[in-house]
Amino acid sequence: MSLLRKYRKAVLICLMIISFSMVISTVVYAKEVFINVNNLNVRSGPGLDYDVIGQVHEDESYQALSEQGDWTEIQLENGPGWVTNEYTTFDETQEDTSSKDQEALEQTDTQTITVLYDDTNIRSGPSTSYDIVGSTNRGEIFDVIQLKDDWYEIQSEDQQAFIAKWLVDPGSHQFTQIENNSLTNKKIIIDAGHGGVDAGAIGSSGNYEKHYTTVTAEKLASYLDMLGAEVIQTRPTDYYMSLSGRASVANAAVADAFISLHYNSTPEIPTASGVNTYYYAEHDQQLARNIQAELIKTTSARDRGTHQENYQVLRENRRPAVLIELGFISNETEENHIQSTVYQQKLAKGIISGLNKYFRE
Ligand SMILES: [Zn+2]
């Protein structure tokens with residue numbers, strides 16, 4: 001990391017601390033947070049850059065102190081800590097409906113925004129006089145934290161940043177206008193790997209592969225739906241399904257593509273990372289190549305390439321079929337990325353972009 005980047009990071013962290021304290025002081029909470037997974041990391045601040053200071057577990061509940069982006073501050077026995085909202089639910093009946101909360105809701109009339117132009121700057125504060133902390137491109141979607149002086153505060157990777165309101169479209173509908181959308185009316189089978197008693201691999205956090213494949217399948221399904229594709233999920237909820245059963249869903253539906261989603265794990269090599277895509281039939285190599293290439297573009301993950309492999313779910317598939325290993329959950333850093341909403345969006349967009357290219361060719 002260069003000195004300039006270090007400096008920028010330091011400035012950003014200072015700004016983040018200032019903005020956190022502002023948020024905390026203006027929003028009153030009386031909510032309870034329920035934890036939905038085991039071994040969920042509790043961090044010292046609202047982001048993956050912060051230290052892990054403990055863990056919480058499924059079916060436990062805590063008082064919420066404040067919220068920041070996709071993170072909630074909870075009260076633990078030995079003090080406050082932060083958990084990601086991905087694996088928690090709020091007790092809605094106890095939600096505070098004070099005027100302050102209402103105000104916060106009205107300030108932000110949208111949950112997500114889509115960037116309209118390539119090379120759009122994002123800044124450390126809500127005006128052009130603030131430092132540029134990064135840049136983004138047309139079609140990128142961000143979760144919105146708040147609207148401030150015609151600038152959206154957005155969740156960008158592990159940092160908060162601002163983007164001008166006039167450079168974005170509210171919502172994620174821009175996604176339906178991707179150039180040469182060839183996905184309309186395509187029948188896509190999304191196969192979330194594992195499920196039920198078959199938990200798949202276990203991540204460094206203790207979370208199961210089947211959980212992550214379900215999260216990605218949901219995201220992918222919602223984006224494909226926006227693009228006019230007909231989506232069928234082999235297992236829309238968490239239950240066991242045989243490999244033959246999964247392949248037969250694609251065969252019976254005469255699907256245009258079958259996408260099996262998996263996450264990798266090699267606890268003996270905790271630094272292993274990256275994405276790879278498998279195919280079985282020779283004629284599915286192009287589908288695998290397109291998806292692999294686009295996934296690497298959107299995620300910047302390590303490119304582990306495409307490989308021909310005799311996997312049952314591919315072998316028994318008579319439709320164009322690939323199996324993607326979307327990253328290593330045994331690698332703590334990569335698993336942290338995989339746990340974030342922004343990274344899940346990148347995975348879904350990469351797969352969609354690859355499918356779009358495949359159908360166009
Ligand atoms: Zn798997």
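In this text, all values refer to a predicted model and were calculated from it rather than measured experimentally. Atoms within a ligand are numbered from 1 in the order they appear, just like the ligands themselves.
- Distances from the Zn ion (ligand 1) to the N/O/S atoms of E209 are shortest for OE2.
- Put simply, E325 stays out of reach of the Zn ion (ligand 1), with no N, O or S atom under 2.8 Å from it.
- Ring centroids of F162 and Y152 are separated by 6.0 Å or more, keeping the two rings apart.
- Within the 6.0 Å centre-distance limit, the rings of H211 and Y87 are counted as a close aromatic pair.
- Looking at H262, its N, O or S atom nearest to the Zn ion (ligand 1) turns out to be ND1.
- Among L314, I259, N317, the one residue that satisfies the side chain to side chain contact (heavy atoms under 4.5 Å, CB included) test with L323 is L314.
- K186 forms a cation-pi arrangement with F359, by the criterion of a distance under 6.0 Å to the ring centre and an angle within 45° of the ring axis.
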